[in-house]
J.: 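I have a structure here, written as structure tokens, and I will follow up with some questions on it.
Note that ligands are numbered from 1 as they come in the structure, with each ligand's atoms numbered from 1 the same way. Numbering of residues begins at 1 and proceeds along the displayed sequence. Just so you know, these numbers come straight off a predicted model, no measurement behind them.
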Amino acid sequence: MEPYYVYSNFLKEKYGEKVYRIPINLPLTCPNRDGKIGVGGCTFCGDVGVGFESRNNLESVEEQLQKNINYIGSKYHAKKFIAYFQNYTNTYVEQSKFEECILSSIREDVVEIAISTRPDCVTEEQLKFLKTVNDRYHIEINMELGLQTVNYHTLKNINRGHTLAEFIDCIIRCKKYGFQTTVHMILNLPQDSKEDVIEGAKILSALEVNGVKLHSLYIPKGSIMAQEYERGQFQIGTMEDYIERVAFFLSYLSPDIAIQRLIGRAPEKDVISCNFNTSWWKIKDYIIEYMNQNNLYQGCYFNYLGGKITK
Ligand code: SF4
């Protein structure tokens, strides 16, 4: 048994059966790339944003959903789906366009809409609109936020263009509307120590987010980090170090938070370094093995909230 709360189990508990995510790719950009708050983007971000798996963004939302649902539905006999707006900053768009895209994803078999974005790009107007969708169509809303690290010095170094405060604000506002929240974290950023990783688990637990996606640092071709890496400005830690970091992160994380991913992946042709040249599923197995061997499991150190000291 996995020593952590597996996302597919969370979905089965919530929706009563297997649910599949269908990526939707919109022709968008990001304020950290187009000059609004920065140019060049986060230093680890490649030309395609962060979504390698999406369909052609010139297809309509309906077409993308239909084609992927046809394929996944028949392959896995799936009946329920999550419309997942994956690439770039899906809330960095005019309100009318945002509403149009969201409404285009509503279908009988879509039980949830997941929206990937930056924590500094979610407005009250958007949240209010999503609440009407939630109420009217009984579709869950899941706001998926990139954070990567809680160390605000590292956030600055990787050119995120926001600090920890914007993230906390966004989570609090999303939760006020009753939406789910998922957070992306890179656990082995060069400037981050193991203490940063543990603090990340503690902050996400205190904020009661619903899910996390963990990544090891991979370096897309054309990214700023690719240049820094080739100039020898930093090194990527070892696989053993990543495994240990994941194990500690999970040990401090609330057991109620579902783990969508223990490690990311990217096509070889798009990256100059990824996952220690080891397949993602092997690393996943190594993490599970490490945790089991060391009697670690998700939440085994989750004992620090709720006025713990005076209890
Ligand atoms: S990682 Fe996300 S926020 Fe950063 S530049 Fe890429 S698309 Fe923008």
Side-chain angles (χ1 to χ4, degrees), residues 21 23-57 84-94 97-98 101 114-123 126 142-171 174 181-192 200 209 211-229 234 236 260-261 263-267 270-275:
R21 293 191 139 212
I24 298 167
N25 187 6
L26 299 179
L28 299 174
T29 181
C30 162
N32 204 17
R33 299 183 72 94
D34 73 356
K36 176 104 182 195
I37 54 169
V39 284
C42 305
T43 59
F44 59 83
C45 181
D47 291 339
V48 294
V50 286
F52 292 103
E53 300 143 350
S54 310
R55 295 193 69 86
N56 177 351
N57 66 14
Y84 175 32
F85 290 88
Q86 179 184 33
N87 222 8
Y88 290 121
T89 305
N90 287 284
T91 52
Y92 185 51
V93 61
E94 279 172 23
K97 185 73 190 157
F98 177 71
C101 291
I115 302 164
S116 183
T117 190
R118 292 170 54 87
D120 56 354
C121 276
V122 178
T123 66
Q126 289 165 338
N142 190 337
M143 299 303 289
E144 193 161 315
L145 305 178
L147 174 64
Q148 319 310 345
T149 172
V150 295
N151 181 325
Y152 48 85
H153 300 291
T154 307
L155 286 171
K156 191 169 182 198
N157 287 338
I158 61 174
N159 195 36
R160 278 293 295 173
H162 67 77
T163 68
L164 183 59
E166 289 92 323
F167 169 77
I168 293 172
D169 164 66
C170 191
I171 292 286
C174 291
T181 52
T182 300
V183 185
H184 290 224
M185 299 292 279
I186 299 174
L187 296 193
N188 60 342
L189 282 164
Q191 301 92 346
D192 276 2
V209 307
V212 294
K213 277 185 179 174
L214 306 181
H215 304 251
S216 76
L217 179 63
Y218 56 74
I219 304 184
K221 288 179 183 166
S223 64
I224 296 168
M225 240 186 211
Q227 295 166 23
E228 294 171 353
Y229 185 67
F234 70 92
I236 299 175
Q260 292 198 26
R261 214 177 246 182
I263 184 134
R265 44 188 149 151
D270 295 318
V271 291
I272 59 170
S273 169
C274 181
N275 292 347

J.: What orientation do His215 and His184 show, parallel under 30°, tilted 30 to 60°, or perpendicular over 60°?
T.: parallel

J.: When rounded to the nearest 0.5 angstrom, what distance separates OG1 in Thr29 from OH in Tyr88?
T.: 6.0 Å

J.: Using a strict 4.0 Å cut-off to heavy atoms of Arg33, name the atoms of ligand 1 that fall inside it.
T.: 5 (S)

J.: Check each atom of ligand 1 against the heavy atoms of Tyr88 and keep those under 4.0 Å away; list them by number with element.
T.: 7 (S)

J.: Within Cys30, is some N, O or S atom less than 2.8 Å away from atom 4 (Fe) of ligand 1?
T.: no

J.: Counting each atom of ligand 1 from 1 as listed, which ones have a heavy atom of Arg118 under 4.0 Å away?
T.: 3 (S)

J.: Taking the basic N atoms (NZ, or NE/NH1/NH2) and the acidic carboxylate oxygens, is any pair closer than 4.0 Å for Asp34 and Lys36?
T.: no

J.: Please check if any side-chain donor atom of Thr43 sits under 3.5 Å from a side-chain acceptor atom of Asn159, or the reverse.
T.: no

J.: Indicate yes or no: does Glu144 engage Arg21 in a salt bridge with an N to O separation below 4.0 Å.
T.: yes

J.: Which of the numbered atoms in ligand 1 are under 4.0 angstrom from any heavy atom belonging to Gly41?
T.: 5 (S)

J.: Please determine if atom 6 (Fe) of ligand 1 has an N/O/S atom from Cys42 lying under 2.8 Å away.
T.: no

